[in-house]
There are 2 protein chains.
Amino acid sequence: MESRVNKPQGKRDPEGVREDILRVAMQEFSENGLSGARIDEIAAKTRTSKRMIYYYFGDKEGLYTRVLEEAYRHVRGDEADLELDTLDPIEALDRLARFTFHHHRQNPAFIRMVMIENIHHGQYIERSQSIRELNRPAIEKLQSLLARGQRDGVFRPDIDALELHWQISALSFFNVSNRATFSHIFGQSLWADEAHDTLSRHVAAMVLRYVSKLEALARRGDG
Amino acid sequence: MESRVNKPQGKRDPEGVREDILRVAMQEFSENGLSGARIDEIAAKTRTSKRMIYYYFGDKEGLYTRVLEEAYRHVRGDEADLELDTLDPIEALDRLARFTFHHHRQNPAFIRMVMIENIHHGQYIERSQSIRELNRPAIEKLQSLLARGQRDGVFRPDIDALELHWQISALSFFNVSNRATFSHIFGQSLWADEAHDTLSRHVAAMVLRYVSKLEALARRGDG
DNA sequence: ATCATTTTGTACTAACAGGTTAAAACATAT
DNA sequence: ATATGTTTTAACCTGTTAGTACAAAATGAT
């Protein structure tokens with residue numbers, strides 16, 4: 001999608017090589033896991049050589065760690081453009097929930113990297129300060145959204161922003177992460193294209209119902 | 001916990017050996033994944049030898065598949081004793097949600113096996129008919145619970161049992177599966193022992209609010 | 001011209017890891 | 001006892017894989 005802007009005319013392109021390696025490595029790690037991915041396979045799919053992987057990233061774990069960071073960075077970038085401040089709190093929360101659900105669904109490689117990292121008990125993410133800083137702002141935004149809704153009297157006063165973020169994440173993440181086992185057991189119906197919208201609406205509804213005061217719900221008259 | 005009842009006095013004990021292997025293999029696979037686990041390591045931790053693993057399970061994938069089945073079997077066994085039929089629908093759903101949340105938290109090895117299997121796109125669970133049959137009844141029970149609540153006029157009529165099961169699972173699963181990354185980014189607060197009860201209550205509340213008619217909620221007067 | 005950085009290429013290695021060979025010990029039925 | 005199938009032991013084999021050694025060259029900035 002977003003390729004580098006200033007490609008050098010000469011034959012050297014260190015940044016390009018790095019990015020090429022990272023792109024291929026993301027593909028391979030997210031598909032096969034840390035121990036499942038093969039350095040030789042990654043090397044073969046880049047336009048450079050195995051030697052360069054070690055030159056730039058040291059070892060397999062170093063490469064994996066950089067890929068993990070890159071996955072978070074790439075995904076959190078998109079979330080900035082939501083402009084929730086311009087909407088009233090209910091609209092904003094509805095939009096946020098649907099966006100998160102949709103966005104996770106669009107980024108299976110990211111989801112898989114996070115799954116893999118959790119299998120490893122988060123031992124590589126622990127080395128990364130930047131990932132933490134990348135994600136914190138999401139809570140603050142949600143916090144201020146909640147505060148607005150509480151000031152307006154439409155949201156319950158005892159809702160915790162972190163917990164709500166957790167709930168939205170859970171519903172959105174699981175939809176991608178557990179699709180294989182869940183749909184083997186219970187069928188594909190929830191993942192048909194038409195069901196996607198429905199599910200997304202229901203997730204948002206669940207969140208809004210949880211957060212809203214009863215009066216506000218009754219006023220909006222949904223069930 | 002449940003060890004074999006009739007241990008033979010002689011030196012041979014095929015069933016015991018099988019179970020011993022499965023127990024150790026579950027430990028190793030759930031900890032390290034399919035490609036991360038080591039047959040030699042598994043063998044070393046059993047009271048038998050590597051050769052016996054191949055004798056009983058064919059190859060690594062065969063062993064993994066049996067471990068996966070065993071994980072589902074073990075976990076689904078506990079869910080039968082809930083006796084939801086004796087409670088009124090609201091109580092029953094509350095209890096089901098809390099139980100699921102708690103139960104997932106008590107069985108991290110199961111959660112990890114499911115995560116790992118999803119990383120493999122469910123290619124091993126696909127071979128197992130039994131796992132499907134183990135899980136289907138859960139939906140039927142939930143379906144009849146919903147029907148009761150709808151008959152009583154306390155639940156909304158347009159709630160889908162499969163979708164609701166999915167939602168409860170998502171909230172309960174994510175709590176275990178993503179603990180490492182989530183708590184690295186946002187802190188440990190949601191996983192403190194005291195927070196467990198709170199979170200569990202909130203998950204149940206979220207589910208009940210989603211499912212209930214507004215009148216029924218107002219009558220119960222919770223916010 | 002100098003010099004650090006980046007790239008290429010090949011061959012190698014040492015450990016590892018999944019899987020096998022072959023034969024012995026055991027249990028049981030006849 | 002002997003025959004027969006099952007379970008267990010111990011040593012062995014082979015392909016794979018992360019990572020390196022070594023050597024040299026192309027490039028770009030100063």
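Chain letters run A, B, ... following the sequence lines, proteins first and then strands; every chain starts at 1.
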Any A:Tyr55 side-chain N or O less than 4.0 Å from OP1/OP2 of C:dT8: no
message: Tell me whether A:Arg201 is salt-bridged to A:Asp197, with the criterion being a basic N under 4.0 Å from an acidic carboxylate O.
response: no
- prompt: When the nearest nucleotide of DNA chain C is assigned to A:Val17 and to B:Tyr54 on a heavy-atom basis, which residue is associated with the more 5' position?
  reply: A:Val17
Phosphate-side-chain proximity, A:Thr48 and C:dT7, N/O vs OP1/OP2 below 4.0 Å: no
message: Parallel, tilted or perpendicular, judged at 30° and 60°: which one describes the rings of A:His102 and A:His196?
response: parallel
No-H, no-angle donor-acceptor pair, A:Lys50 side chain to D:dG19 base, under 3.5 Å: yes
message: When you compare the side chains of B:Glu117 and A:Thr181, does any donor N or O come within less than 3.5 Å of an acceptor on the partner?
response: no
- line: When rounded to whole Å, the CD to P distance for the pair A:Glu15 and D:dT27 reads 20 Å
message: Need one value for A:Ala43: base, sugar-phosphate or nothing, where a base atom within 4.0 Å counts as base even if backbone is also close, heavy atoms only.
response: nothing
message: For a quick check, tell me whether the side chain of B:Arg51 and the base of C:dT21 share a donor-acceptor pair closer than 3.5 Å.
response: yes
message: Distance check needed: C:dA15 C1' versus B:Arg38 CZ, whole Å only.
response: 12 Å
- line: Sorted by chain and residue number, the salt bridge (Lys or Arg N to Asp or Glu O under 4.0 Å) partners of B:Arg95 (sequence neighbours excluded) come out as none
